[in-house]
2 protein chains.
Amino acid sequence: MTERSYHHGDLRRVIIDTTLRMLKEDGGWQFTLREVARRAGVSHAAPYKHFPDKAALLSEIALIGFERLQEALLAAQVAAPDDLLAEFTAISHAYLTFGQNNPALYRLMFGGAIADTAKLHLEPRALGASRVVIDFLERGQAAGLVRKRPVQGQATACWAQLHGLTMLQLDGLLMPEKVGENAVEAALAALREGLVG
Amino acid sequence: MTERSYHHGDLRRVIIDTTLRMLKEDGGWQFTLREVARRAGVSHAAPYKHFPDKAALLSEIALIGFERLQEALLAAQVAAPDDLLAEFTAISHAYLTFGQNNPALYRLMFGGAIADTAKLHLEPRALGASRVVIDFLERGQAAGLVRKRPVQGQATACWAQLHGLTMLQLDGLLMPEKVGENAVEAALAALREGLVG
DNA sequence: AACTTATGTAGACATTGTCAACTTCAGGGC
DNA sequence: GCCCTGAAGTTGACAATGTCTACATAAGTT
C-alpha cells in the first residue's frame with residue numbers, strides 16, 4: 001500500500017497502464033519511455049527491467065489494443081438484434097467507434113511505428129478481432145444472405161473497408177462539408193451491396 | 001559545377017531529393033534531419049534555412065507523394081482500354097502498386113507521423129489524387145454503369161477500400177497462405193459489385 | 001543467517017531536433 | 001570599382017531521448 005518500497009511490486013502493469021493512459025491523451029503522438037517512467041514515479045531505466053526496449057513495450061500495447069478491439073466487436077455482435085444485416089451494421093460501427101475513441105492506440109496498431117508489423121498482426125492475440133468478421137461472413141453465407149465467394153476475400157474486403165474508413169476518419173477527412181452528410185453510411189452501404197447477393 | 005562553393009545553390013531541391021531517396025531505402029522508417037544533411041554534404045543546421053523544422057520538410061515530402069500518386073493514377077487511366085470496368089481495375093491496381101513501391105512514403109502520407117494530417121490532405125496539391133476517382137465515378141454514373149448514389153459516398157468507399165488494402169499489403173497481411181491466393185482481386189470485386197448496379 | 005536473483009537507481013554515452021552567433025558570398029546602389 | 005545588406009551555410013551549444021553499465025536494495029531459498 002505504501003507504494004514507496006524500493007521494489008515497486010508490479011511495475012510492469014503500472015507501466016502498461018500509464019502508457020495506455022498517455023496514448024488516450026493523444027497529444028499528437030508523442031510518447032517517450034522516460035515520460036512513462038516519470039509518471040510511474042520510477043527512474044528512467046526501470047522500464048528496461050520489464051521490456052527489452054521501447055519497441056517491445058509498444059508491441060505489447062498494440063496487442064492489448066487488438067484484444068480490446070476484439071472485445072468491442074464481440075460486444076456489439078452480442079448486443080445486436082437477431083438479424084444478420086443489423087449485426088453487420090453493428091459490427092461496422094463498433095469498429096469505427098473503437099478507432100475514433102482510441103486514435104493513438106489505433107495508429108500504433110496499424111501505423112508502422114512498430115518495426116515488424118507483420119509478425120505482430122499474426123500473433124494469436126491479434127487474430128481474434130478478424131475472427132469476428134470471418135465468423136459473421138460464414139454465418140451469412142450459410143444463411144444465404146452473403147454471396148457464395150471465398151470468405152477470405154470477403155473478409156479482406158471488409159477489413160480493408162473498415163480500416164480505410166477508420167483512417168480517413170482519424171485524419172479528419174470525413175467532415176460532412178467535405179464529403180457529404182453521411183458518407184460513412186454510404187460507404188458501408190456500398191460494401192454491403194457488394195457482399196449480399 | 002564545382003559543387004564546392006560555400007553557397008550550395010539549390011540545396012532545397014537536393015534536400016528533398018535526398019529525403020525521397022532515403023524513404024525509398026525504407027530501412028524501417030528511420031529518418032533524421034541530420035542524416036539528410038550528411039548525405040547532402042552540408043552541415044547539420046543547413047536544412048533550417050529552407051524548412052522551418054522537420055515537420056515542414058516531411059509535409060512537403062508528403063505533398064510530393066500525393067502528386068506522384070495522382071500521376072500514377074492518371075497514367076493508368078489514360079493507358080487503360082476504353083472500357084469503364086477495365087479502367088476501374090487499372091486505377092485500383094495503380095493505387096496498390098504505388099503503395100507497394102513506396103511503402104515509407106505512403107506511410108508518411110497517411111500514417112499520422114505528420115502533426116496535422118487533416119490540413120495536409122485538404123491542400124489542393126493533395127486533392128488531385130482523389131479527383132481522379134471522383135471523375136471516374138461521375139463518368140460511370142453518366143454511362144449508367146455505376147449506381148446512382150451520392151458520388152461522395154461512393155468515392156469514400158473506393159478510397160477507404162484502396163487505402164485499406166494498401167495498408168494490409170504494406171503490413172504483410174495479404175500473403176496468399178494467410179488470406180487466399182487472390183484476396184486482393186476478391187476484395188476489389190466486392191467493391192465493384194457494390195458500385196455497379 | 002548467507003546467497004542468489006529479480007528489481008530498482010544513478011550516471012554515462014551517442015544521437016537527435018533546434019537555436020543563436022558567426023562567416024561567406026552574391027547583387028544592387030553609389 | 002566599392003560597400004553593404006541580406007540570404008545561405010557553418011560551428012557550437014542545449015535539452016531530451018534511448019540504451020548501456022555499474023551499483024544498491026529487497027525478497028526468497030536454502
Side-chain angles (χ1 to χ4, degrees), chain A residues 1-19 21-23 25-62 104 107-108 111-116 120, chain B residues 1-19 21-23 25-62 104 107-108 111-116 120:
Chain A
M1 271 324 175
T2 72
E3 308 202 5
R4 285 295 95 219
S5 52
Y6 191 92
H7 280 46
H8 189 291
D10 66 342
L11 184 64
R12 189 187 155 94
R13 173 97 12 141
V14 172
I15 288 178
I16 290 179
D17 289 351
T18 308
T19 305
R21 217 171 299 128
M22 286 175 65
L23 284 195
E25 295 172 10
D26 206 343
W29 181 236
Q30 74 218 356
F31 162 78
T32 74
L33 262 191
R34 287 172 111 108
E35 175 69 14
V36 168
R38 242 170 267 138
R39 298 211 193 184
V42 295
S43 80
H44 62 260
Y48 282 86
K49 300 293 168 171
H50 298 273
F51 301 94
D53 57 3
K54 187 181 175 181
L57 170 56
L58 289 182
S59 290
E60 174 62 28
I61 299 293
R107 280 220 153 88
L108 176 64
I114 289 172
D116 195 352
L120 182 76
Chain B
M1 266 331 170
T2 72
E3 308 201 6
R4 285 295 95 217
S5 53
Y6 190 92
H7 282 45
H8 189 290
D10 67 341
L11 183 64
R12 182 173 216 273
R13 173 98 12 143
V14 173
I15 287 178
I16 290 178
D17 289 351
T18 308
T19 305
R21 217 170 301 127
M22 286 174 65
L23 284 196
E25 295 173 8
D26 205 345
W29 181 236
Q30 75 218 357
F31 163 78
T32 74
L33 262 190
R34 286 172 113 108
E35 176 68 15
V36 169
R38 243 169 265 138
R39 298 211 195 184
V42 295
S43 78
H44 62 259
Y48 282 86
K49 300 292 166 174
H50 298 274
F51 300 94
D53 57 3
K54 187 182 176 181
L57 169 56
L58 289 182
S59 289
E60 174 62 28
I61 298 294
R107 281 219 151 89
L108 176 63
I114 289 172
D116 196 353
L120 182 77

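The shown structure was predicted, so the numbers you read here are calculated from the model rather than taken from an experiment. All chains are named by letter (A, B, ...) in the order of the sequence lines, taking the proteins before the strands, and each is independently numbered beginning at 1. Computed over heavy atoms, backbone and side chain alike; hydrogens, waters and symmetry mates excluded.
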For B:R38, does the CZ atom sit with more than 12 other heavy atoms under 6.0 Å from it, leaving out its own atoms? yes
For A:K49 and A:H44, find the nucleotide of DNA chain C closest to each by heavy atoms; which residue's nucleotide sits nearer the 5' end? A:K49
At under 4.0 Å, does any side-chain N or O of A:H50 touch on OP1 or OP2 of C:dG8? yes
Sequence neighbours excluded, which residues qualify as side-chain contact (heavy atoms from CB on, under 4.5 Å) partners of B:A62? B:L108, B:M109, B:I114, B:L120
Tell me, do A:R12 and A:E60 make a side-chain contact under 4.5 Å, heavy atoms counted? yes
Beyond-backbone contact of A:F51 with A:I15, side-chain heavy atoms, under 4.5 angstrom: yes
B:E25 bridged to B:R21 by N-O distance under 4.0 Å: no
Rounded to whole Å, how long is the line connecting atom CZ of B:R13 with atom P of D:dA8? 14 Å
Consider the side chain of B:A45, meaning its heavy atoms from C-beta on, and name the nucleotide among C:dT9, D:dT11, D:dG9 that approaches it most closely. D:dT11
Taking CD from A:Q30 and P from D:dT17, how many angstroms apart are they, rounded to a whole number? 10 Å
How long is the line joining CZ of B:F51 and C1' of C:dC19, in whole Å? 19 Å
Would you say A:L57 and A:F31 make side-chain contact, with heavy atoms under 4.5 Å? yes
Got a list of protein N/O to nucleotides 14-17 of chain C N/O distances below 3.5 Å?
from   : atom 1 : to    : atom 2 : distance (Å)
C:dT16 : OP2    : B:R38 : NH2    : 2.8
C:dG17 : OP1    : B:L33 : N      : 3.0
C:dG17 : OP1    : B:K54 : NZ     : 3.2
C:dG17 : OP2    : B:L33 : N      : 3.1
C:dG17 : OP2    : B:R34 : N      : 3.3
C:dG17 : N7     : B:R34 : NH1    : 2.4
C:dG17 : O6     : B:R34 : NH1    : 3.0

